[in-house]
Amino acid sequence: MLFKFLKLPFNVLKSLRRYVEEIIGYSISNKFIKIYKGNVTTVDKASLNDVLKIFNQNFPNRSEKKLIRYSQLFQNIFYVLQYNGKSVGYCSYYIQPTLSLRRIRKFAVIFSIAVDFNFSRKGFGEALLRESIKELKANNIESIWLFVNAENNAAIGLYKKIGFETIDIIENMYGKGKSGYKMRLLLN
Ligand SMILES: CC(C)(COP(=O)(O)OP(=O)(O)OC[C@H]1O[C@@H](n2cnc3c(N)ncnc32)[C@H](O)[C@@H]1OP(=O)(O)O)[C@@H](O)C(=O)NCCC(=O)NCCS
């Protein structure tokens with residue numbers, strides 16, 4: 001009981017911090033300079049429906065609530081790949097700002113990435129990452145972070161191919177005995 005009581009202010013502070021980070025992240029991504037990215041666009045009302053189908057196909061047990069929220073809050077860094085007039089994959093990021101002595105340092109975190117089952121292993125995941133990374137780099141993002149299930153060989157293969165390195169192993173991150181990797185790609 002006492003432990004629960006002591007935890008309350010800590011949780012409130014944590015939520016407040018995340019809220020402030022989201023506001024700063026929003027204002028950073030909102031000012032993003034757009035570059036040409038071929039078949040990769042940013043999410044809009046029409047493509048969000050396809051994106052949600054791909055999300056539910058790949059992550060049937062997860063809630064789509066946060067993905068919808070990020071499609072609005074971080075719309076400029078929510079990338080969608082078009083193929084023959086259809087959205088076949090997406091990569092959604094959020095900005096993680098960090099205060100240093102003289103400036104705000106800008107990191108991007110991959111919140112979710114997936115490709116439609118019917119279009120897998122055709123280079124679409126790689127194209128989504130490469131094109132979005134070009135734009136993040138052009139906007140002075142220092143590095144990109146992500147978390148991945150250590151058993152997800154397809155995603156790990158993709159991240160390694162792009163140049164991500166594993167910087168931490170988090171035990172039990174995806175359930176008992178199921179580790180996660182924290183991976184990072186330095187951009188500058
Ligand atoms: C991970 C994912 C996005 C890859 O997309 P994709 O379009 O199928 O991948 P690509 O065709 O662009 O492949 C690029 C590289 O990724 C790796 N890769 C992709 N699928 C793989 C698989 N099934 N097994 C091993 N490596 C694989 C390979 O290194 C591949 O390069 P190669 O073709 O030269 O060998 C896709 O498998 C997916 O949507 N997975 C389910 C959702 C998911 O797990 N998201 C990540 C959560 S962290």
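Counting begins at 1 with the first residue of the sequence. Indexing begins at 1, ligand by ligand and atom by atom, following the structure's order.
Residue-ligand proximity, Gly157 to ligand 1, at heavy-atom distances under 4.0 Å covers atoms 16 (O), 17 (C), 29 (O). Each of the following atoms of ligand 1 lies closer than 4.0 Å to a heavy atom of Ala155: 1 (C), 46 (C). Counting the atoms of ligand 1 from 1 in the order shown, those under 4.0 Å from a heavy atom of Lys122 are 11 (O). Distances below 4.0 Å separate heavy atoms of Phe147 from the following atoms of ligand 1: 48 (S). Those atoms of ligand 1 with a heavy atom of Ser120 less than 4.0 angstrom away are 8 (O).
Nearest protein heavy-atom neighbour of atom 7 (O) of ligand 1: Gly125 N, 2.8 Å. The nearest protein atom to atom 18 (N) of ligand 1, hydrogens excluded, is given as Ala154 O, 3.5 Å; this is a heavy-atom distance. Counting only heavy atoms of the protein, atom 2 (C) of ligand 1 lies nearest to Leu158 CD2, 4.4 Å. When hydrogens are left out, the protein atom nearest atom 41 (C) of ligand 1 is Asn58 OD1, 3.2 Å; that is the closest non-hydrogen contact.
Looking at Gln57, its side chain does come within 3.5 Å of a backbone N or O of Phe117 through a donor-acceptor pair.
Taking all heavy atoms of Asn153, Asn149, Val115, Asp116 into account, the minimum distance to atom 5 (O) of ligand 1 is reached by Val115. Across Leu128, Val148, Ile156, Ile113, heavy-atom proximity to atom 45 (N) of ligand 1 is greatest for Ile113. Among Arg121, Glu126, Lys160, the residue whose heavy atom lies closest to atom 20 (N) of ligand 1 is Arg121.
One distance of note links NZ of Lys122 with CG of Asp116; it measures 10.5 Å at 0.5 Å rounding. Ser92 contributes atom OG, which lies 9.5 Å from atom CZ of Phe55 (distance to the nearest 0.5 angstrom).
Taking 4.0 Å as the cut-off between side-chain N and carboxylate O, Arg184 and Glu165 count as a salt-bridged pair.
Heavy atoms of Phe59 found under 4.0 angstrom from ligand 1 belong exclusively to the side chain. Contacts of Lys161 with ligand 1, taken as heavy-atom pairs under 4.0 Å, involve the side chain alone. Contact annotation for Asn152 and ligand 1: only side-chain heavy atoms (C-beta onward) come within less than 4.0 Å of the ligand. Contacts between Tyr159 and ligand 1, counted as non-hydrogen atom pairs separated by less than 4.0 Å, involve the side chain only.
Residues Val109 and Leu99 share a single hydrophobic cluster, defined by chaining ILVMFWY side chains whose heavy atoms lie under 4.5 Å apart. Linking Ile, Leu, Val, Met, Phe, Trp and Tyr residues whenever their side-chain heavy atoms come within less than 4.5 Å leaves Ile104 and Leu186 in two separate clusters.
Between Phe74 and Tyr70, the ring center distance clears the sub-6.0 Å criterion.
With contacts defined as side-chain heavy-atom distances shorter than 4.5 Å, the pair Tyr90/Val43 does not qualify. No side-chain heavy atom of Leu129 sits under 4.5 Å from any side-chain heavy atom of Glu126.
Residue contacts with ligand 1: Gly123 is placed with a nitrogen or oxygen under 3.5 Å of a nitrogen or oxygen of the ligand (distance criterion only).
Aromatic ring orientation, Phe124 versus Phe119: tilted (interplanar angle from 30° to 60°).
Taking the ring axis of Tyr94 as reference, the NZ or CZ atom of Arg18 stays within 45° of it and closer than 6.0 Å to the ring centre.
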